[in-house]
Structures are given as structure tokens and as C-alpha cells.
Amino acid sequence: MNWDTVFAERTSEMKRSTVREILKLTAKPEVISFAGGLPAPELFPIERIREATDTILSERGAEVLQYSTTEGMPELRQLIAKRLSKGKFNISPENILITSGSQQGVDLIARILLDERDRVIVENPTYVGMLSSWKPYHLHFSPVPTDNNGMDVQAIEPLLKDKHKLIYSIPTFQNPQGTTLTLERRQKLAQVLVDNDLLYVEDDPYGELRYSGDPVPTVLQTEAELRNATDVTGNVIYCGTYSKVLTPGLRIGWIAAAFPIIDKLVQAKQATDLHTSTLNQFISYEVARDEEFLTSHIEQLRNVYRQRRDLMLETMTANFPQEVTWTKPEGGLFLMVTMPAKLNAAEILVKALEQNVAFVPCDAFFIGDMGHNTFRLNFSNARPEMIVEGIKRLGAVLKVAMKE
Ligand SMILES: Cc1ncc(COP(=O)(O)O)c(C=O)c1O
């Protein structure tokens with residue numbers, strides 16, 4: 001068989017994720033990895049999950065091992081709707097679809113909304129997992145620059161002279177930069193959406209992980225408030241997940257959106273995987289319904305990740321060359337480093353791996369041929385002593401590279 005000729009044309013845009021390929025290199029125990037978006041494994045609520053699994057198997061065994069509805073477990077949809085509701089802004093379970101991680105949510109959204117060659121506005125850089133999912137549709141991505149306050153919303157209006165299908169961004173603790181869209185920009189963005197009747201995908205896996213600064217409302221809520229709506233009837237499609245606050249292994253995410261969007265997503269999901277794992281939905285529900293536990297667990301994550309973020313930033317200040325800059329996130333799992341333009345992050349990675357340190361070069365997160373001098377560091381996964389050692393080694397690699 002000539003394998004070059006068998007694959008569908010759309011697969012020409014499919015590539016293995018650079019992040020996942022780098023993760024393979026970091027599997028060796030001696031490598032200090034700042035590469036993946038991995039939560040700290042020592043904080044996984046393993047006992048809770050074991051107890052929850054025992055309970056549901058003994059109490060509802062036949063039900064949890066059976067096929068279930070595409071929309072998802074009703075009690076879980078209700079729980080998620082309640083947690084997302086704030087004050088007068090009230091989300092109904094009808095507006096929630098349970099997905100297999102938020103990655104599936106992002107993928108299903110493209111299936112129901114995007115035609116080949118559609119124009120889509122994204123912040124630059126953006127989440128590489130969205131690009132992998134959406135690129136096979138041969139879209140035109142219109143990049144919007146970003147700064148420490150998130151996407152430059154002013155730069156959206158001029159793009160709208162061409163018809164765009166939607167905007168996608170990660171407004172809170174962005175991947176890869178860790179930056180957050182300010183309240184003022186959220187309000188401007190909501191205005192742009194309403195004025196132009198434009199759809200917006202809010203990808204929000206990190207929103208609960210804030211370590212400093214003032215909380216900001218979701219764009220979902222901001223847009224509803226602008227229209228004086230108290231329910232989910234507008235242009236925002238919100239993707240959430242338990243991956244970063246419970247465990248990514250259960251693969252439980254959700255979409256909150258207006259009912260016509262949920263209805264069409266259900267049809268697409270039926271064709272994809274019928275429904276998200278019944279067992280994993282029940283386990284997640286059993287663990288997350290204990291609000292006191294969930295709140296204290298998230299508080300513990302915040303405390304540990306805050307310390308790790310601070311330690312990484314301090315160690316970078318003490319060890320990185322002056323010409324190198326980086327973002328200072330108020331939450332999430334990542335920060336992004338920018339080196340002088342003459343340095344290439346992929347080349348630096350080779351040298352860093354020789355010292356058993358790993359990170360992710362960010363060029364694949366950018367639209368256009370740029371970002372070669374940037375890389376992403378994760379601060380949630382490595383233990384404090386590893387953060388100090390890894391950042392020192394990386395600082396030494398950068399100093400040598402600066403001199404060459
Ligand atoms: C911006 C963004 N969206 C979606 C995901 C996918 O998360 P999951 O499918 O585990 O919910 C990630 C994971 O790192 C992410 O960073």
C-alpha cells in the first residue's frame with residue numbers, strides 16, 4: 001500500500017502535537033520538565049475518587065456501567081450550571097452539555113459551526129490544541145495581538161470589514177502566556193459581540209486557579225449582563241473542565257451555551273462518541289457535589305501553585321539573563337518567556353535537554369511565522385526543589401546562548 005495516497009486531503013493539516021512529542025522526551029525520570037500543562041499529581045484527590053467509585057458502584061452499579069444520554073448526567077449538568085451561575089445570572093442545566101474534556105468541546109464547536117475557508121479571529125499566540133483541531137477545516141485565522149492585559153480588543157473592529165464566523169480566545173490565565181483579559185476589555189469585547197452579532201468561544205480551563213489580583217467575571221456573564229439577560233441566550237459558547245481542578249484522567253468537561261447551540265452539539269457528539277463515560281461522570285459528580293471538599297481542594301491547589309509560581313518567578317529573576325523577559329500570571333499553570341530575537345527556542349530546547357530540563361517552544365502557538373524566540377514554562381507540576389534546580393540550569397543555558 002502506498003500510504004502517501006490513502007489519507008483524506010484534510011489530514012494534510014494534521015500533525016502530532018509538538019507538546020505531546022516533547023512530553024515523550026521528558027518521560028525519563030532525570031528530566032525536570034516544565035513542558036506539559038500537568039497538574040501536580042501529589043494533589044490528586046485519589047482517596048476521594050476511590051471512595052466515590054466504591055459508593056456509586058455499590059449504589060448505582062447497573063446504571064453507571066450502562067450507556068447514557070448524550071447531554072450528560074442530569075445531576076452533573078445541574079451542579080455545573082449552579083457553579084457557573086452568579087447572582088442574577090442563572091444558568092439552566094438545559095444549557096450544559098457534558099463533553100470528554102474541554103478539548104472535545106473545542107473540537108465539536110468546529111464541527112457544528114465552521115465551513116472550509118471560514119474566517120476566525122484568534123488572539124496571537126493561542127492554544128495549540130485548538131489549532132490542531134480546527135486547522136483541517138482550512139480556515140483563515142485572523143490574529144489579534146496580545147499584551148499583559150490579554151487580547152487587544154480594539155484590534156478586532158478593523159478585521160470585521162471581512163465576514164468572520166467567530167472569535168476564539170482563552171481570556172483567563174491564557175495558554176501559553178498566563179495573561180488575563182481585563183474587565184474593561186471583557187466589556188468592550190462583549191460590546192463587539194453584541195454590535196456585530198458575532199459568536200465567541202470562551203475556553204476557560206484555568207479560571208478557578210487564581211493566586212493573586214481581583215477575580216473577573218467570565219465573558220459569558222459579561223455579555224449576558226450587557227444585554228440585561230439573566231440566562232444563557234447570547235453569543236458566547238463557554239468551555240469548562242474538571243481537568244485542572246480535579247483530575248485530567250477522568251476526561252470530564254462541559255460546554256455552556258444557548259440551547260440551539262447545545263442541541264446541534266448533541267447531534268455532533270452523538271455521531272462522535274454517543275456520550276461521555278457514564279462511570280467518569282458519576283465519579284466526578286460524587287466528588288464535586290461535596291461543595292466543602294471541592295472548595296477546600298481548589299484552595300489547596302491555589303496555595304501550592306501560588307508558591308510554585310512565586311518561586312519560579314524569583315528564581316528566574318535571579319538566574320535569567322537581563323535581555324530575557326517573561327509574563328507574570330495571576331493564575332493558571334503557565335508563563336511565557338521571550339528571548340532576544342536572535343535566539344531560537346527549539347535550538348535552546350536541544351541544549352536544555354542536554355542539561356535534562358524541558359519546556360515547550362511557542363512558535364506552534366502563533367499564527368504566522370513568528371514566536372521562534374518564545375517558550376512556555378509550566379509551574380504547577382514540578383516540586384519546589386526541582387523548580388529551583390531546573391530554572392538555574394535553564395538560566396545557565398540561556399546565558400551561554402546569549403554570549404554565542
Ligand atoms: C486552553 C485549553 N483548552 C482546552 C484544554 C483541554 O483540556 P481538557 O480536555 O483536559 O479539559 C487545555 C488543556 O491544556 C487548554 O489549555
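Computed over heavy atoms, backbone and side chain alike; hydrogens, waters and symmetry mates excluded. Ligands are counted one by one from 1 in listed order, and the atoms in each one are counted from 1 as well. These figures come from a predicted structure and were not determined experimentally.
Remark: R48 is positioned above the aromatic ring of F293, its terminal NZ or CZ atom under 6.0 angstrom from the ring centre and at most 45 degrees off the axis.
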Please tabulate, one line per pair, the protein N or O atoms found under 3.5 Å from any N or O atom of ligand 1, giving the distance to one decimal.
{"unit_1": "ligand 1", "atom_1": "3 (N)", "unit_2": "D203", "atom_2": "OD1", "d": "3.3"}
{"unit_1": "ligand 1", "atom_1": "3 (N)", "unit_2": "D203", "atom_2": "OD2", "d": "2.7"}
{"unit_1": "ligand 1", "atom_1": "7 (O)", "unit_2": "S102", "atom_2": "OG", "d": "3.2"}
{"unit_1": "ligand 1", "atom_1": "9 (O)", "unit_2": "S102", "atom_2": "N", "d": "3.1"}
{"unit_1": "ligand 1", "atom_1": "9 (O)", "unit_2": "Q103", "atom_2": "N", "d": "2.9"}
{"unit_1": "ligand 1", "atom_1": "9 (O)", "unit_2": "R251", "atom_2": "NH2", "d": "2.8"}
{"unit_1": "ligand 1", "atom_1": "10 (O)", "unit_2": "S243", "atom_2": "OG", "d": "2.6"}
{"unit_1": "ligand 1", "atom_1": "10 (O)", "unit_2": "R251", "atom_2": "NH1", "d": "2.8"}
{"unit_1": "ligand 1", "atom_1": "11 (O)", "unit_2": "S102", "atom_2": "N", "d": "2.7"}
{"unit_1": "ligand 1", "atom_1": "11 (O)", "unit_2": "S102", "atom_2": "OG", "d": "2.8"}
{"unit_1": "ligand 1", "atom_1": "11 (O)", "unit_2": "T241", "atom_2": "OG1", "d": "2.6"}
{"unit_1": "ligand 1", "atom_1": "11 (O)", "unit_2": "S243", "atom_2": "OG", "d": "3.3"}
{"unit_1": "ligand 1", "atom_1": "14 (O)", "unit_2": "Y206", "atom_2": "OH", "d": "3.2"}
{"unit_1": "ligand 1", "atom_1": "14 (O)", "unit_2": "K244", "atom_2": "NZ", "d": "3.1"}
{"unit_1": "ligand 1", "atom_1": "16 (O)", "unit_2": "N175", "atom_2": "ND2", "d": "2.8"}
{"unit_1": "ligand 1", "atom_1": "16 (O)", "unit_2": "Y206", "atom_2": "OH", "d": "2.5"}

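Pairs of residues two or more places apart, or lying in two chains, that qualify as salt bridge (charged side-chain N to carboxylate O under 4.0 Å, His left out) and include a residue from residues 325-354 are R210-E330, K351-E404. Under the salt bridge (charged side-chain N to carboxylate O under 4.0 Å, His left out) criterion, the residue pairs touching residues 67-83 are R60-E75, K82-E291, R83-E208, with sequence neighbours excluded.
In the displayed structure, E42 atom CD is contacted under 6.0 Å by more than 12 heavy atoms of other residues, nucleotides or ligands.
For the side-chain contact (heavy atoms from CB on, under 4.5 Å) test, residues two or more places apart in sequence or in another chain that qualify with R289 are L79, Y285, E286.
Ionic pairing of K269 and D273 is present here: one or more N-O contacts between side-chain nitrogen and carboxylate oxygen are shorter than 4.0 angstrom.
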